[in-house]
Amino acid sequence: MSAPKLSALVVAHNEEAQLADCLERLRFADEIVVVLDRCTDRSAEIARGFGAKLIEGAWPLEGERRNTGIDACSGDWILEVDADERVPPEMAKEIRTVIATAPFAHFLIPFDNYVGRRLVRYGWGGSFGVMMAPRLFARGAKRWGDQRVHPSLELKGEKRFLASRMVHYVDRDISDMIARLNRYTSARAADLRARRAAGEDIGSYGHNVRRIFSRFWKCYVGRKGYREGQYGFLIALMAGLYPILSYLKANLEKEG
């Protein structure tokens, strides 16, 4: 039997500074698919230089543009990678090994998250970063929801795990981290407005205030953010602020 075909998928917006290094690490795949959302930089030129199948357009919802990329992949297996992530050689080798014999499944991949040059392994979560995510999956085993930020996932097949870790350059510095929190909460606020317009309950002010403490505890204690010292505290603080800031923006700001 022939080896399963592997597609590598990258969805990006104006990532010319990161894209080439990301795609260089994906040459082990049989196919590279790049979805560019409203790009105005050299991202398209860079993707063509790697022989990628290129899809350009504008998608207001994150899940919609990611599903567009998944549909464009022709492989038996799909590896989903963001432009600020890198697949190390040991992971490339492991992926080729596991998909050769795996059943219909999705694989959770652990992350090594970097803030600048600092590896911050513990404490991520609460809608502010991930420690593990289902990025390798058989065709038909993964589908994204229609939210603007952190869309829901529909996963099928057996759940499995990779041993090697994805490298993720999540933030350049603390200012970049704060800017990301601002982007995330603005997108989440738009989702909350849409849900409220559809007659759904988006929670109360008091409920979201309480979530500051429950999410902080989840990340700092439950996910061992305390092991990262002040970085762990900072990540837990961002995770705690995410729901209440989103709620306040939904209520106090006009949709832009």
SB check [X] [Y] (cutoff 4.0 Å):
X: Lys93; Y: Glu90; result: no
X: Glu200; Y: Arg195; result: yes
X: Arg172; Y: Asp84; result: no
X: Asp82; Y: Arg135; result: yes

Inset, instruction - Using modelled atom types only, decide if a donor and an acceptor are shared between the side chain of Glu228 and the backbone of Tyr122 within a distance under 3.5 Å. - result: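 Judged by distance alone, yes, a pair lies under 3.5 Å.
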Taking all heavy atoms of [X] and all of [Y], pick out the closest pair and write down the distance.
X: Lys142; Y: Pro134; result: NZ-O, 2.7 Å
X: Pro151; Y: Glu62; result: CD-OE1, 3.3 Å
X: Ala72; Y: Ile55; result: CB-CD1, 3.2 Å
X: Arg180; Y: Gly129; result: NH1-N, 4.2 Å

Legend entry - Check against salt bridge (charged side-chain N to carboxylate O under 4.0 Å, His left out), Arg143 and Asp71: CA-CA 10 Å; Arg143 205 72 186 166; Asp71 292 340; 2.8 Å; yes
Legend entry - Sole residue of Asn251, Asp201, Asp191 in side chain to side chain donor-acceptor pair (under 3.5 Å) with Arg196: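 Of all the options given, the one that passes is Asn251.
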Legend entry - Centroid-centroid distance, Tyr226 to Phe233, less than 6.0 Å: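 No, ring centres 6.0 Å or more apart.
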Legend entry - Close aromatic pair by centroid cut-off 6.0 Å: His150 and Tyr184: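 Ring centroids of His150 and Tyr184 are less than 6.0 Å from each other.
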Inset, instruction - Apply the test salt bridge (charged side-chain N to carboxylate O under 4.0 Å, His left out) to residues Lys5 and Asp76: give CA-CA distance (whole Å), side-chain angles for both, the deciding distance (0.1 Å), then the verdict. - result: CA-CA 5 Å; Lys5 181 178 179 179; Asp76 305 295; over 6 Å; no
Legend entry - Geometric cation-pi criterion Arg227 and Tyr220, 6.0 Å radius, 45° cone: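 Output no; distance or angle outside limits.
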Inset, instruction - Begin with the C-alpha distance, continue with both residues' side-chain angles, and end with the deciding distance and a verdict on ring-ring contact (aromatic ring centres under 6.0 Å, His included) for Tyr242 and Phe128. - result: CA-CA 8 Å; Tyr242 173 79; Phe128 199 74; 7.8 Å; no
Inset, instruction - If the plane angle is over 60° it's perpendicular, under 30° parallel, otherwise tilted; pick one for Tyr247 and Tyr205. - result: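 Ring orientation, 0 to 90° scale: tilted.
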Legend entry - Atom CZ of Arg183 with >12 non-hydrogen neighbours under 6.0 angstrom: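 Yes.
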Inset, instruction - Check whether more than 12 heavy atoms from other residues, nucleotides or ligands sit under 6.0 Å from atom CH2 of Trp217, and answer yes or no. - result: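 Not buried by this count: 12 neighbours or fewer within 6.0 Å.
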